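Beneath this line is the structure, given in structure tokens, with notes to follow.
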Protein chains: 2
Amino acid sequence: MKTQKKRSDCPVSFSLEAFGDKWSLLIVRDLMLKKKCTYGELAKSDEKIATNILAARLLSLEENGIIQKLEHPDSKAKVLYQLTQKGIDLIPIIIEINLWAEKYTEIPEERKEFLAQINADKEGFIRNAFKELESNL
Amino acid sequence: MKTQKKRSDCPVSFSLEAFGDKWSLLIVRDLMLKKKCTYGELAKSDEKIATNILAARLLSLEENGIIQKLEHPDSKAKVLYQLTQKGIDLIPIIIEINLWAEKYTEIPEERKEFLAQINADKEGFIRNAFKELESNL
DNA sequence: ACATTTACTTGCGAAAAGCAAGTGATTTTA
DNA sequence: TAAAATCACTTGCTTTTCGCAAGTAAATGT
């Protein structure tokens, strides 16, 4: 485990130390959309993360209390990763990132429904997302 | 200028390619709180960013259309950096990052009022922040 | 004219990213 | 039941980025 020095007391800086890189929030995104994932499923995401980087990010997210490991019900060879409460609480950030992107880039077809739901009733959508993810804890 | 390959069509991935690192959103934070900043002011922020990294980040934020350079009214030796509309639109993300951090770390005294205002009326606070920043464009 | 300020560059060692291949523990298959 | 696949990682190595210290050139202050 690596102890990282705190750069400042700023809450934004604190947050970026936990998930401020190009990969961490993509892992959070996958766990948010799929609820629970195995290492292999995470490795197969569209962005093609290298397996050593994935392992490193999973470890740091776990050390930061954002995700946790669970044993897979079907097999001891598999591991389930899931968001902790701290990780679930990143929902609003992920939502806002999606909305920002919606304004400045083309959204792929399969995500349009997701964004339509958010735009129809953001508060309700977020409340529901929390409920669903928290029911798995 | 560096052309970065798009990792995927995911809106989260798109966003992280623009500001997914440990420094970019700190610069955005400073520009958001102070409206306009010079290079020197940005360099003096609490996190002590190295000047070459600052220059690199400012360039990439500019290339991504998140900030723009303006000439300083007082001196040709100075440059003003300010958020574009695309940068101002990051407000909700910054707000949510602040709220997440509030739940999971100690907030310094001088930021508590800021967070109290957000908690009192998030929508109103955001609306007002947009208005103030957009009035400088 | 000379020192200072301002916005950057440059050089270089250290750290992290990224690719390919490998490992050891399960689990499936023949 | 032994060999082949699957699974979750590691390891080794090269490339890229970070981060510190120092330097530079234009503009400004004294």
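On a predicted model such as this, the values are computed, not experimentally measured, just so you know. In what follows, every chain begins at residue 1, and chains take the letters A, B, ... in the order their sequences are listed.
Here Q85(A) contributes atom CD and L133(A) contributes atom CG; the two are 9.5 Å apart, rounded to the nearest 0.5 Å. The CZ atom of R7(A) lies 6.0 Å from the CG atom of L16(A); values are rounded to the nearest 0.5 Å.
Secondary structure note: stems in DNA chain D built from 3 or more consecutive Watson-Crick or G-U wobble pairs under 3.5 Å occupy C:1-30 with D:1-30.
Ring pair F125(B)/F114(B): centre-to-centre distance below 6.0 Å.
Using a 4.0 Å heavy-atom distance criterion, K69(B) is classed as a sugar-phosphate-only contact.
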*Step by step, work out the salt bridge (Lys or Arg N to Asp or Glu O under 4.0 Å) result for E132(A) and K35(A).*
CA-CA 9 Å; E132(A) 277 190 38; K35(A) 269 70 174 180; 2.8 Å; yes
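In this structure, Y39(A) does not reach the dT10(D) phosphate: none of its side-chain N or O atoms is under 4.0 Å from OP1 or OP2. In this structure, W23(B) does not reach the dC18(D) phosphate: none of its side-chain N or O atoms is under 4.0 Å from OP1 or OP2.
Under 3.5 Å, the side chain of T51(A) and the base of dT10(D) form at least one donor-acceptor pair of N or O atoms.
Remark: P of dA8(D) and CG of L80(A) are 9 Å apart, rounded to the nearest angstrom. Distance, I53(A) CD1 to dA20(C) P: 13 Å, rounded to whole Å. Computed from coordinates, the H72(B) NE2 to dT28(D) C1' distance equals 13 Å when rounded to whole Å. As rounded to whole Å, 18 Å separates atom P of dA16(C) from atom CG of L54(A). For L59(A) and dA8(D), the CG to P distance is 16 Å, given to the nearest whole Å. The CD-P distance, from E41(A) to dC9(D), rounds to 13 Å in whole Å. To the nearest angstrom, P of dC9(D) lies 14 Å from NZ of K44(A). Atom pair D21(B):CG and dA17(C):P shows a separation of 12 Å (rounding to whole Å applied).
For K48(B), the NZ atom counts as densely surrounded, since its 6.0 Å shell holds more than 12 non-hydrogen atoms of other residues, nucleotides or ligands.
Although no hydrogens or angles enter the test, the distance criterion places no donor-acceptor pair under 3.5 Å between the side chain of W100(B) and the main chain of P11(A).
For the pair K112(B) and E109(B), the salt-bridge criterion is met [side-chain N within less than 4.0 Å of a carboxylate O].
Using a 4.5 Å heavy-atom cutoff, the side chains of L137(B) and Q68(B) are in contact.
Mapped onto DNA chain C by nearest heavy atom, N52(B) and A50(A) fall at different nucleotides, with N52(B) at the one closer to the 5' end.
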Every protein N/O lying under 3.5 Å from an N/O of nucleotides 25-27 of chain C:
{"from": "dT27(C)", "atom 1": "OP1", "to": "K76(A)", "atom 2": "N", "distance (Å)": "2.5"}
{"from": "dT27(C)", "atom 1": "O5'", "to": "S75(A)", "atom 2": "OG", "distance (Å)": "3.4"}

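S8(B) pairs by the side chain to side chain contact (heavy atoms under 4.5 Å, CB included) definition with D46(A), E47(A), C10(B), S13(B), not counting sequence neighbours.
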